[in-house]
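The chain is numbered in sequence order, starting from 1. Keep in mind that what you see is a predicted model, and the values were worked out from it rather than measured.
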Amino acid sequence: MICLLHHTLFAAAETYPDKTAFRCGEEELTYAALAKAARQLANVLRAQGVQPGDRVGILLHRSLETAVAIYGILRAGGVYVPLNPKAPADYNAFVLQDGKISVLITHPSQRRNLAKLVGARTPVQTIIGEGRERPGFQTLSWADVAAAPPLTWIPPRQVETDLAYLIYTSGSTGRPKGIMHSHASGLAFARNAVALYQLGPEDRFANHA
């Protein structure tokens with residue numbers, strides 16, 4: 001029974017393991033490869049102390065790593081919080097502080113943004129994906145994630161009303177506010193989109209948000 005957002009991925013990996021799930025430029029991931037990578041990242045997150053309900057930040061442009069980050073965080077029982085790489089550093093620092101985010105997932109392409117963030121007062125203790133050492137932080141690379149076993153623990157028990165992701169407003173009319181979305185609300189959006197646009201296994205569509 002599909003009641004959590006990441007159940008959709010693992011169900012698709014069972015049914016269409018070799019079918020392309022995401023494509024970005026010349027790179028792509030099959031459903032099976034994405035499911036494996038998500039499980040590996042979940043293992044890494046749990047090893048770093050991420051518990052069910054913990055917020056985990058994502059500082060990435062649209063990429064295959066973004067998909068892995070989202071599903072890996074959900075698999076670990078965490079709540080994903082996307083940060084905007086184009087936003088001012090003080091905005092992202094506020095989101096990290098307000099969301100009490102101690103683990104941040106990123107990429108070497110975000111090195112300049114990270115340099116500004118790690119100098120600010122944030123609760124971040126672990127940086128995954130940058131691939132370089134930073135004094136005062138626990139750091140892991142995407143190669144470390146790829147080397148992790150896909151499953152060495154029993155996934156946490158979750159229900160569809162649990163928080164899945166936290167989206168912050170722009171803050172143009174004041175301080176940014178975190179809008180909470182449960183697994184149920186995320187699945188409702190997905191199901192409504194499938195019904196409205198009559199999406200099927202052979203369809204391809206662009207990531208516009």
Side-chain angles (χ1 to χ4, degrees), residues 1-11 13 34-60 65-84 92-107 110 114 117-118 120-131 133-134 136-168 176-188 190:
M1 177 180 177
I2 292 178
C3 62
L4 303 173
L5 279 170
H6 51 288
H7 286 172
T8 60
L9 167 62
F10 299 122
L34 177 56
K36 178 183 178 182
R39 288 188 171 104
Q40 289 173 309
L41 178 58
N43 233 359
V44 170
L45 292 171
R46 294 287 284 186
Q48 293 302 311
V50 172
Q51 297 296 314
D54 285 352
R55 278 74 161 163
V56 179
I58 300 176
L59 181 65
L60 289 166
E65 288 84 3
T66 303
V68 174
I70 289 173
Y71 287 108
I73 292 168
L74 294 176
R75 172 70 169 180
V79 177
Y80 76 83
V81 184
L83 289 88
N84 182 0
N92 283 331
F94 172 84
V95 172
L96 293 172
Q97 190 71 44
D98 189 69
K100 299 178 175 62
I101 295 170
S102 62
V103 178
L104 181 64
I105 299 176
T106 187
H107 187 269
Q110 298 301 318
L114 277 170
L117 278 180
V118 297
R121 293 185 60 185
T122 71
V124 173
Q125 299 175 357
T126 301
I127 299 173
I128 297 174
E130 185 193 12
E133 293 185 5
R134 285 190 178 274
F137 294 89
Q138 173 71 28
T139 58
L140 297 101
S141 67
W142 280 106
D144 294 325
V145 174
L151 186 64
T152 58
W153 49 277
I154 298 174
R157 184 179 182 278
Q158 294 174 272
V159 295
E160 58 187 3
T161 53
D162 285 344
L163 192 61
Y165 54 102
L166 194 60
I167 306 292
Y168 275 80
K177 298 176 180 63
I179 310 301
M180 297 185 291
H181 290 272
S182 66
H183 285 269
S185 66
L187 282 170

Grab the two heavy atoms, one from [X] and one from [Y], that are nearest each other, plus how far apart they are.
{"X": "Ala42", "Y": "Ala76", "answer": "CB-N, 3.8 Å"}
{"X": "His183", "Y": "Leu5", "answer": "ND1-N, 3.0 Å"}
{"X": "Arg134", "Y": "Leu114", "answer": "NH2-CB, 3.9 Å"}
{"X": "Val124", "Y": "Phe137", "answer": "O-CE2, 3.2 Å"}
{"X": "Ala69", "Y": "Ile105", "answer": "CB-CG2, 3.9 Å"}
{"X": "Leu9", "Y": "Ala38", "answer": "CD2-CB, 4.2 Å"}

Report the C-alpha distance between Val145 and Ile128 in whole Å, list the side-chain angles of each, state the deciding distance to 0.1 Å, and finish with yes or no for side-chain contact (heavy atoms from CB on, under 4.5 Å).
-> CA-CA 8 Å; Val145 174; Ile128 297 174; 3.9 Å; yes
Does His6 have its ring centroid less than 6.0 Å away from the ring centroid of Tyr71?
-> no
How long is the span from the [atom1] atom in [X] to the [atom2] atom in [Y], to the nearest 0.5 Å?
{"X": "Leu140", "Y": "Glu133", "atom1": "CG", "atom2": "CD", "value": "11.0 Å"}
{"X": "Phe94", "Y": "Leu83", "atom1": "CZ", "atom2": "CG", "value": "12.0 Å"}
{"X": "Leu96", "Y": "Arg55", "atom1": "CG", "atom2": "CZ", "value": "13.0 Å"}
{"X": "Arg75", "Y": "Leu45", "atom1": "CZ", "atom2": "CG", "value": "12.5 Å"}
{"X": "Ile127", "Y": "Ser141", "atom1": "CD1", "atom2": "OG", "value": "13.0 Å"}
{"X": "Ile58", "Y": "Glu65", "atom1": "CD1", "atom2": "CD", "value": "11.5 Å"}

Do the side chain of [X] and the main chain of [Y] share a donor and acceptor less than 3.5 angstrom apart?
{"X": "Gln110", "Y": "Leu60", "result": "no"}
{"X": "Asn84", "Y": "Asn92", "result": "no"}
{"X": "Gln40", "Y": "Ala146", "result": "yes"}
{"X": "Thr122", "Y": "Ala93", "result": "no"}
{"X": "Asn43", "Y": "Pro149", "result": "yes"}

Under 6.0 Å from the NZ atom of Lys100, do we count more than 12 heavy atoms belonging to anything else shown?
->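 Open: at most 12 neighbouring heavy atoms sit under 6.0 Å from NZ of Lys100.
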Quickly, which of Val103, Leu166, Thr126 forms a side-chain contact (heavy atoms from CB on, under 4.5 Å) with Val56? Name it, please.
->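 Of Val103, Leu166, Thr126, side-chain contact (heavy atoms from CB on, under 4.5 Å) with Val56 is met by Val103 alone.
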Determine the interplanar angle of the Tyr80 and Tyr165 rings, folded into 0 to 90°, and report it as parallel if under 30°, tilted if 30 to 60°, perpendicular if over 60°.
->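 Aromatic pair Tyr80/Tyr165 classed parallel.
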Stepwise side-chain contact (heavy atoms from CB on, under 4.5 Å) check, Met180 with Val79 = CA-CA 10 Å; Met180 297 185 291; Val79 177; over 6 Å; no
Check against side-chain contact (heavy atoms from CB on, under 4.5 Å), His7 and Leu187 = CA-CA 10 Å; His7 286 172; Leu187 282 170; over 6 Å; no
